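Input: a single structure, listed below in structure tokens.
The model shown is predicted, which means the values in this text are computed figures rather than measured ones. Numbering starts at 1 and runs along the sequence shown.
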Amino acid sequence: MKGIFYAMRIFLISCFILISCRLNSQPVALHPDNPHYLIYNGKPLIIISSGEHYGAVMNLDFDYTKYLIALERDGMNYTRVFSGFYMETPGQFGIKHNSLAPSSSRLIIPWSRCSVPGYKNGGNKFDLENWDTEYFVRLKSFLTEAEKRNIIVEITLFTSIYNNENWEIHPFNPANNINNTQADDFRKVNLLHYPAILAYQEKMVRKIVRELNSYNNLIFEIQNEPWADNGKNVLNINEYDPESGKAWVRHVDIAGDSSLQWQRQIARIIADEEKRLPNKHLIAQNYCNFKYPVRQAEPEIGIMNFHYVHPENVLLNYGHNRVISFDESGFSGPESVTYRKQAWNFILAGGGVFNNLDYSFFPGYEDGTGVNDAPGGGDSSLRKQLKVLKDFIEGMNFVKMKPDSNIIRHAPGLFSRSLSWQGREYAIYFEGSGNVEISLSLPEGIYNLQWHDVENGSIMHSETINSGSGLVMIKSPGFRDYAALKIVAR
């Protein structure tokens with residue numbers, strides 16, 4: 001009996017601490033001193049992570065507590081989950097182990113099943129007028145477990161449907177519900193085209209926003225890859241690999257005008273619902289792959305999401321004064337070095353979020369030890385390397401820093417990316433071979449230099465230099481391929 005009372009006491013104390021912390025904190029937000037970064041629990045936040053393929057909540061076979069423990073263990077602080085609006089079929093897109101492709105009996109989404117059989121993926125149809133209460137219990141439990149571990153969750157409300165295979169099992173397909181949705185073209189689902197569907201979308205958004213309002217570790221994303229169903233080509237980037245067959249990597253597509261109208265409507269629904277609620281959450285909008293200078297960021301949007309991002313995209317959109325996010329990486333083979341390079345280049349270009357799509361997490365291997373059999377990367381070695389970057393940036397006053405192309409005057413044989421707090425702190429990433437003379441433009445003063453191994457985080461070399469004229473020569477250590485340099489004024 002004493003054991004029961006003791007356990008209950010510990011449980012109540014834990015609940016009290018969690019509630020007290022939540023009452024004394026605010027949702028993740030743009031940092032007031034530099035809106036290219038975030039603030040959470042009163043501290044500057046930079047997001048660097050490598051997370052599962054977005055099915056952690058909707059797939060009942062996925063042990064999300066085990067997964068979140070693994071993220072925390074590996075130093076990751078972000079994960080992205082789909083709402084359940086969309087699901088995939090096993091083996092689709094070359095993904096052998098896919099958390100977004102649960103069996104029908106293990107699928108849980110916002111809407112409840114009815115008594116009418118006939119869902120194309122097996123089991124009874126959906127009733128879009130009624131919620132599945134167990135889904136919202138699971139969703140909130142996921143947010144709670146993430147919040148305990150200071151993990152930020154991006155809830156992706158909608159996504160493109162991509163093809164007829166996915167539309168065949170979609171809950172809004174009139175064959176899969178009893179609500180007479182009347183949609184006959186999946187490309188028009190995320191538009192203002194079908195009034196009945198728009199009404200159900202609005203109900204879902206308002207329901208999720210209300211249910212999750214008390215959580216601070218939350219960002220809402222409007223739609224994943226809207227250009228896939230309703231896009232237009234705006235830029236050819238000439239990076240087509242003829243052996244891969246991935247023609248989509250040759251060009252940049254952005255959402256069409258009709259899609260942008262619908263996205264604007266969803267953003268306003270989120271903002272309108274939160275007007276009556278105590279907390280206000282950031283809204284993210286997904287614009288395109290690779291790079292593109294976005295013409296206009298709607299006032300409701302705080303985070304600008306891009307996929308497979310070229311680092312110059314940060315400067316193309318820096319003037320919007322929003323967080324620029326590398327929201328999904330992948331489709332470039334399994335090697336960790338590929339995604340580590342992407343992360344360093346993007347964060348040192350001034351990005352505020354890097355999230356790799358990690359295929360080593362799937363049901364049965366929620367600890368991230370699964371064998372990656374997919375078109376992207378992800379494993380424990382990559383997460384350790386990403387933590388090196390996270391520790392490096394968090395060890396500096398990154399909120400004070402901005403992209404700086406002037407610090408490196410000459411670095412023969414080396415590519416570089418730089419951030420600086422002029423005269424105070426500098427962060428520089430190099431690719432190439434070391435043991436060369438580098439010319440730096442530094443204000444007059446004395447500076448401590450530390451050279452870091454980007455793979456294991458060790459310090460390769462330290463020294464103190466004196467910049468008298470504003471131009472100083474240093475000798476890099478003999479690194480191979482990659483290194484990072486931290487410069488701090490004394």
Side-chain angles (χ1 to χ4, degrees), residues 36-37 46 48 239 290-291 308-318 324 326 329 332 336-352 354 385-386 388-443 445 447-465 467 469-489:
H36 299 98
Y37 298 107
I46 195 160
I48 299 172
E239 293 194 358
F290 311 125
K291 60 180 180 179
Y308 319 113
V309 190
H310 296 186
E312 58 265 33
N313 187 62
V314 177
L315 290 180
L316 288 175
N317 293 286
Y318 204 76
I324 311 297
F326 195 137
S329 178
S332 297
S336 293
V337 62
T338 301
Y339 307 105
R340 187 189 74 217
K341 286 171 60 177
Q342 289 178 353
W344 275 93
N345 275 291
F346 183 74
I347 295 299
L348 271 291
F354 178 85
Q385 291 172 41
L386 292 178
V388 170
L389 168 59
K390 184 168 173 285
D391 290 345
F392 180 86
I393 292 296
E394 288 180 341
M396 308 190 77
N397 292 296
F398 61 86
V399 167
K400 302 283 189 180
M401 305 178 88
K402 297 179 180 179
D404 186 348
S405 59
N406 295 318
I407 173 68
I408 303 293
R409 287 298 180 89
H410 188 52
L414 298 175
F415 294 97
S416 65
R417 303 273 177 194
S418 307
L419 293 172
S420 75
W421 178 14
Q422 280 292 328
R424 301 291 294 275
E425 295 188 6
Y426 300 82
I428 308 170
Y429 169 65
F430 293 100
E431 291 184 3
S433 297
N435 199 25
V436 298
E437 294 282 341
I438 298 173
S439 176
L440 300 176
S441 177
L442 287 171
Y447 298 88
N448 293 328
L449 275 61
Q450 280 187 346
W451 288 89
H452 293 249
D453 185 308
V454 301
E455 188 169 355
N456 61 35
S458 64
I459 297 175
M460 296 185 290
H461 176 70
S462 298
E463 64 177 304
T464 299
I465 61 170
S467 176
S469 64
L471 197 65
V472 61
M473 300 296 295
I474 64 170
K475 182 74 174 289
S476 71
F479 61 86
R480 180 181 176 183
D481 299 328
Y482 319 98
L485 173 62
K486 181 181 293 187
I487 304 174
V488 180

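Within the model, atoms CZ of Phe346 and CG of Leu389 stand 11.5 Å from one another, a figure rounded to the nearest 0.5 Å. Taking CD1 from Ile474 and CH2 from Trp451, the interatomic distance works out to 5.0 Å, rounded to the nearest 0.5 Å. Atom OH in Tyr308 sits 9.0 Å away from atom CZ in Phe326 (nearest 0.5 Å). Separation of atoms NZ (Lys486) and OG (Ser462) is listed at 10.5 Å; rounding is to 0.5 Å. For the atom pair Gln450 CD and Glu463 CD, the distance stands at 11.0 Å (nearest 0.5 Å). For the atom pair NZ of Lys291 and CG of Leu315, the computed distance is 11.5 Å after rounding to the nearest 0.5 Å.
Across every non-hydrogen atom of Ala427 and Met401, the tightest pair is N-CE, 3.7 Å. Shortest non-hydrogen contact noted between Pro403 and Gly350 is CG-CA, 4.2 Å. The two atoms that bring Val314 and Ala349 nearest to each other are CG1-O, 3.4 Å, heavy atoms only. The shortest non-hydrogen separation linking Thr464 to Asn448 is OG1-OD1, 3.0 Å.
Ring-centre distance between Trp344 and Tyr482: not below the 6.0 Å cut-off.
The only option from Leu485, Leu348, Ile428 that meets the side chain to side chain contact (heavy atoms under 4.5 Å, CB included) definition with Ser418 turns out to be Ile428.
Residues Tyr37 and Ile46 meet the side-chain proximity criterion, which asks for heavy atoms closer than 4.5 Å. Taking the side chain as every heavy atom from C-beta outward, Phe354 and Leu386 approach each other to under 4.5 Å. In this structure the side chain of Phe398 never reaches within 4.5 angstrom of the side chain of Leu419, judged on heavy atoms.
When atom types are taken as modelled, the side chain of Glu425 and the backbone of Met396 share no donor-acceptor pair closer than 3.5 angstrom.
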Tabulate below the donor-acceptor pairs under 3.5 Å that side-chain atoms of residues 405-415 make, not counting sequence neighbours, or state none.
none

Show me the side-chain donor-acceptor pairs of residues 431-442 shorter than 3.5 Å, one per line, residues at least two apart or across chains.
| residue | atom | partner | partner atom | Å |
| --- | --- | --- | --- | --- |
| Glu431 | OE2 | Asn345 | ND2 | 2.9 |
| Glu431 | OE2 | Tyr429 | OH | 2.7 |
| Asn435 | OD1 | Lys475 | NZ | 3.4 |

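Note on residues 391-406: pairs passing salt bridge (Lys or Arg N to Asp or Glu O under 4.0 Å), not counting sequence neighbours, are Lys387-Asp391, Lys390-Glu394.
Taking the six-membered ring where tryptophan is involved, the planes of Tyr318 and His36 are essentially parallel, since the angle between them stays under 30° and well short of 60°.
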